[in-house]
Amino acid sequence: MRVAGTVRIPGDKSITHRALLLAALARGSSHIGGALTSLDARSSARVLRRLGAEVSPLREGSVVVVRGRGRFSRPAEVLDCGNSGTTTRLLLGLLSGHRFSTTLTGDASLRRRPMRRVSAPLAEMGARFTEHRGDGLPLTVRGGVLRPLRYAMPVSSAQIKSSLLLAGLAGGVEVSLLEPHGRSRDHTERLLRAFGYGVTECDGWIGFRPGGRLEPFELQVPGDPSSAAFLVGAAVLAEAGELRIAGVGVNPTRTGFLAVLARMGARIAVEEPTIHFGEPVADLVVGPAGLRATEIYAGEIPGLIDEIPLLAVVASRASGTTAFRQVGELRIKESDRLGLIAANLRAVGTRAEVAGDDLLVTGGDAPPRGVVQTAADHRLAMAFAVLGTLPGARVRLDDLACAAVSYPRFPETLRGIARRAR
Ligand code: S3P
């Protein structure tokens with residue numbers, strides 16, 4: 001395949017969720033440009049409407065207008081968060097500071113995902129939880145008067161961290177958090193700082209102090225680096241050409257995959273850097289390269305957690321064995337990503353194995369051929385669709401429609417960047 005042209009990618013999913021949640025909690029009208037319009041973003045918009053905010057329809061190319069009331073109101077029904085773990089976990093934090101009961105549920109994948117990782121520390125702060133089916137959804141939260149929290153998190157996770165910071169915001173109490181190894185994405189901290197809240201960092205502890213003011217705001221959401229990663233991967237694996245991906249968020253807590261690809265020998269230039277509403281943004285210019293294996297250390301994992309399916313696919317074309325260390329968290333994403341990455345790589349003819357919590361992928365150059373089971377996991381589907389662009393590949397996915405969870409027009413975009421070499 002030859003790649004060519006310039007593409008823009010959809011808005012950042014993490015920032016879109018946070019912007020919608022905070023706008024819904026502010027009193028007055030906020031305007032969010034470049035917001036992601038995917039199924040996950042719609043899940044946030046849908047539940048926020050049920051909590052009393054007015055949220056305009058999420059349409060590509062239009063600014064989302066959110067009119068919040070300063071507090072959420074008690075919803076009349078169970079809130080369905082669809083496939084979105086971020087919606088669920090961040091909302092549990094905000095609802096912990098509201099004195100009414102809300103029950104959250106989601107699709108089959110989300111109902112299986114663990115929620116005690118947020119409900120346990122939120123309960124320490126004073127919220128009460130009723131589990132309906134063990135550690136997962138449905139889950140009822142009853143908020144109350146919250147106590148300050150000082151908490152060493154068992155895993156580095158932006159969802160846990162953000163949930164607890166947002167509980168501090170909704171409850172007006174101090175929160176101090178320690179992430180064990182590696183820093184997870186810091187979009188919540190950046191947004192809270194922009195609202196004038198004290199967010200400090202000292203000896204690894206992140207501190208939140210109430211006292212800012214959540215005012216309505218205007219925000220432009222940068223392109224999602226996690227979505228860009230699939231196009232970067234396609235361009236790195238191409239036979240010829242060059243691809244420019246414009247307006248990508250390059251927050252250093254999100255760009256670990258670029259550092260790994262550079263170690264593997266990829267040619268990626270970061271051009272036209274600017275800062276947009278407190279977040280660094282740039283164009284990525286990517287061309288094909290010969291690749292060698294690398295080791296991805298435990299401390300790097302939080303900064304590239306969503307890019308591991310794509311990196312594993314790229315590693316399957318590199319010379320040598322790439323080791324991803326301590327990636328057990330992948331077992332509890334939208335699917336058991338750890339098991340499915342390895343099983344699907346084997347299904348298309350690559351040597352791949354899970355050893356404890358490590359993933360090992362040995363590269364080769366035979367055309368990938370086989371049937372891939374995506375378990376309706378958007379990132380698995382997109383990663384293996386990239387593998388399907390290789391010369392001679394015959395990769396059949398059971399489902400690519402699930403890409404719409406984070407990247408609404410991914411199949412068309414992938415086709416658009418590929419100019420078949422004669
Ligand atoms: C997210 C955090 C990550 C990531 C998810 C989005 C966020 O989860 O996998 O897609 O927006 O906070 P964890 O930080 O919980 O691993």
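Counting convention: from 1, in listed order, for ligands and their atoms alike.
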Discussion item. Between R190 and G278 (side chain of the first, backbone of the second, donor and acceptor by atom type, cut-off under 3.5 Å), is there such a pair?
Written reply: yes

Discussion item. Checking the side chain of S184 only, and the main-chain atoms of S156 only, is there a donor and an acceptor separated by less than 3.5 Å?
Written reply: no

Worksheet entry | Amino acids contacting ligand 1, non-hydrogen cut-off under 4.0 Å | S14, R18, T86, S157, A158, Q159, R185, I305, D306, K333

Item to complete: Sequence neighbours left out, what passes side chain to side chain donor-acceptor pair (under 3.5 Å) with R263? Give chain and number order.
Response: T294, E300

Worksheet entry | Close aromatic pair by centroid cut-off 6.0 Å: F195 and F217 | yes

Worksheet entry | Summary of salt bridge (charged side-chain N to carboxylate O under 4.0 Å, His left out) pairs that have at least one residue in residues 209-227, sequence neighbours excluded | R213-E215, D224-R254

Practice prompt. For Y197, check ring pair (Phe, Tyr, Trp, His ring centres under 6.0 Å) against everything at least two apart and list the hits.
Written response: F208

